[in-house]
Amino acid sequence: MRQIRILTQVARETFSGMKRSGWSNWLVIGILAMALTIFGGILQLTMTLKNVVDSWGSQLEISAYLKDGYEARMVAKRLSQLPNISLVEIVPKDVAWQDMQSRFRVASLKNPLPDTLHVRLMRADAVESTANAIRKVNGVEHVRYPLKVANSINRFRHFLEIAGLVLTASLTAATLIVIGNTIHLVIQARHREIEILSLMGVSPWYIRSPLVLQGALYGSLSALLAILNLGAVRLYFDSFLREQLVGFMPLFSQNLEYGMQPTFFALLVLGIVVGAGGSAWTSGRYIKI
Amino acid sequence: MIRLQNVNKDYVGRPALANINLQIGLGEFAFLVGPSGAGKSTLMRLLYREEVPTSGKVLIGGVDITRLEPRQIPLLRRRLGIVFQDYKLLPRQTVFENVSYILRALGVEGDQVIRRVTSALCVVNLEDKADAYPDELSGGEQQRVGIARAIVNGPPVLLADEPTGNLDPQTSLEIVQLLERISQRGTTVLISTHDQFIVNSLRRRVVSLKGGQLISDVDSGVYEMEARA
Ligand SMILES: Nc1ncnc2c1ncn2[C@@H]1O[C@H](COP(=O)(O)OP(=O)(O)OP(=O)(O)O)[C@@H](O)[C@H]1O
Ligand SMILES: [Mg+2]
């Protein structure tokens, strides 16, 4: 009960404190929302691109040529148990041979082709390790895989991952700086009151809590605004895509089927955690006993 | 209740207090007097742990407060009522809110808060000003709010550093008599002042400081300003 009364009191202090800041609350939230929108937008683009790149990766194919006398179905079964494999397709040598005969004019020899397995992967960066694993499987004679393509896809992917990290870090830094400075200003403005409270024997955590809540509110409100902004941009972008690109690049637009929830979630969590954390740090630093 | 043992306090090498030994018992009432710069405020700040002595012990209720950890300091201050020369009221809060602040911060239940604040305001005779803001009050009234705030949590010790410094002689006397009444209810009261008139009117214990030294300590004393005469 006592704890609940204290919490209500802290909430009251938070709101009366923020009421005193008046319009400058909205200034802070506006600036933060803007920063979060921009960074969040770029983050979303990066993640979408990464999805596209990942889908390229899943188109990559490893071909495994089998030794004579091995049952293709059995080897395929074994391969499908390896990690990172999404699909194993059997191309029997008869089919391959017929295919070849129909496409080129080849002398009617005895079929020289081996049974082949086409292996699709889940991730481009697993190409080399999977190829090596496949090579060791009993019955596999020879393995071919598009290493160069896989490597460039991996490099691009890696670049996008780093870009995502850098963006998240910048987002965190921007939020920290804006909220930390704001709370610092509030502390400076209330310096005398804070001193009085401290002399009255009010605990530092009680003095700091409303400021921490204020920071968390700044963070979450601006994250919500940024989410609304990004949602609106997406709606516009989608209708634009539909009008301009109908039937033009079905594959591309399919790859653009991205979910924005992860970005929204990241923005919200980041807003709240960094908002509260930044103000906790600032008030811990400037409000001593 | 209050005890200083061989207390020294230096500010950048210059002593503000030198080898102070002082004891004030439970429920006692004492003046701390001395000319400007004598070290009265410094001694008070040691008592509410705004400062720590360079050497020596400061005991309140038997506890050496120089050894308190930072998180224990608020606990100490809640057991002290502190009254300041400049009142130190929260300007944006009403009289009631100022006095009730610490109770609300401690999660005291609403009815209790009203009861205790009303009784504290009663003691200082300000029940009818509960909804006023500090800047709507006279200096004497503001200081009475300060006193109500100091006693609302029922502290065993009340410290007042020049509580009448900004008040006219008549109001000063009223304030000090109010503090004397509070001490009669069992609170230990220490008042620093260089107001000869009020010290001499009350004829209570007088502890004199000069240049950081304790030069006299007499019961039913008067304050002689030989230094200035
Ligand atoms: N924070 C400080 N830093 C350096 N010196 C200080 C500090 N506070 C006080 N002093 C010095 O310590 C001495 C005692 O000061 P103190 O404030 O205790 O005197 P006082 O008796 O309260 O005087 P007054 O009657 O004018 O309030 C003075 O010489 C003062 O200059
Ligand atoms: Mg002083």
Side-chain angles (χ1 to χ4, degrees), chain A residues 1-25 182-183 185-216 279-289, chain B residues 44-45 47-52 60 65 68-94 97-113 134 142 145-146 148-155 157 159-161:
Chain A
M1 260 336 267
R2 172 175 287 254
Q3 276 78 5
I4 292 173
R5 283 196 292 269
I6 293 176
L7 278 181
T8 343
Q9 203 56 40
V10 167
R12 240 182 249 158
E13 301 264 347
T14 309
F15 287 112
S16 69
M18 287 181 74
K19 226 161 85 190
R20 270 166 64 185
S21 307
W23 56 271
S24 67
N25 286 320
T182 309
I183 298 298
L185 286 177
V186 172
I187 292 173
Q188 280 177 336
R190 301 198 196 149
H191 143 89
R192 227 184 98 78
E193 280 167 58
I194 290 170
E195 185 202 313
I196 294 173
L197 297 183
S198 158
L199 288 173
M200 279 161 59
V202 179
S203 304
W205 66 260
Y206 183 89
I207 305 176
R208 290 177 199 139
S209 301
L211 297 172
V212 175
L213 262 180
Q214 185 170 352
S279 48
W281 187 77
T282 311
S283 52
R285 187 163 164 206
Y286 295 105
I287 301 179
K288 301 258 174 355
I289 298 147
Chain B
M44 288 290 192
R45 284 200 294 270
L47 293 177
Y48 54 83
R49 240 323 271 272
E50 182 77 346
E51 300 274 5
V52 281
I60 298 217
I65 62 163
L68 288 185
E69 288 183 33
R71 62 186 171 75
Q72 295 174 305
I73 294 174
L75 299 174
L76 163 75
R77 291 185 183 161
R78 277 174 227 160
R79 302 189 59 231
L80 303 172
I82 316 177
V83 177
F84 304 92
Q85 175 171 3
D86 56 355
Y87 324 130
K88 292 203 194 295
L89 301 179
L90 300 166
R92 290 161 194 280
Q93 310 222 358
T94 64
E97 289 165 341
N98 264 282
V99 177
S100 63
Y101 196 102
I102 186 68
L103 301 179
R104 288 181 285 134
L106 293 176
V108 174
E109 190 246 321
D111 288 350
Q112 276 261 356
V113 172
Q142 290 187 50
V145 176
R149 180 182 65 187
I151 61 171
V152 76
N153 206 15
V157 175
L159 305 173
D161 191 7

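Numbers restart at 1 for each chain; the letters A, B, ... are given by sequence-line order, proteins then strands. Scope of the values below: all heavy atoms of this structure, side chains included, with no hydrogens, waters or symmetry mates. Nothing here was measured: the structure is a model prediction, and the numbers come from that model.
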Could you tell me which portion of B:Glu50 (side chain, backbone, both or neither) has an atom closer than 4.5 angstrom to a non-hydrogen atom of chain A?
side chain
Whether over 12 other heavy atoms sit under 6.0 Å from B:Arg79 CZ
no
Give the interface residues of residues 7-17 of chain A toward chain B, defined by a heavy-atom separation under 4.5 Å.
A:Gln9, A:Glu13
Below 4.5 Å, heavy atoms only, C-beta onward: do B:Arg104 and A:Ile6 meet side chain to side chain?
no
Taking B:Leu106, B:Ile73, B:Leu76, B:Ile82 one by one, which has the highest count of heavy-atom pairs under 4.5 Å against chain A?
B:Leu106
Looking at residues at least two apart in the chain, or sitting in another chain, which of them share a side-chain contact (heavy atoms from CB on, under 4.5 Å) with A:Gln3?
none
To the nearest 0.5 Å, what is the distance between OH (B:Tyr101) and CG (A:Leu197)?
4.5 Å
Answer with side chain, backbone, both or neither: which region of B:Arg92 has an atom nearer than 4.5 Å to a non-hydrogen atom of chain A?
side chain
Answer yes or no: does atom CZ of A:Arg5 have more than 12 heavy-atom neighbours from other residues, nucleotides or ligands under 6.0 Å?
yes
How close do A:Arg2 and B:Gly107 get, heavy atom to heavy atom, and via which atoms?
CG-O, 3.9 Å
Residues of residues 200-208 of chain A under 4.5 Å from chain B (heavy atom pairs)?
A:Met200, A:Gly201, A:Val202, A:Ser203, A:Pro204, A:Tyr206
For residues 187-206 of chain A, pull every pair meeting salt bridge (Lys or Arg N to Asp or Glu O under 4.0 Å), keeping only residues two or more places apart or in separate chains.
A:Arg20-A:Glu193, A:Arg192-B:Asp86, A:Glu195-B:Lys88
For a 4.5 angstrom cut-off between non-hydrogen side-chain atoms, does B:Leu89 reach A:Ile196?
no
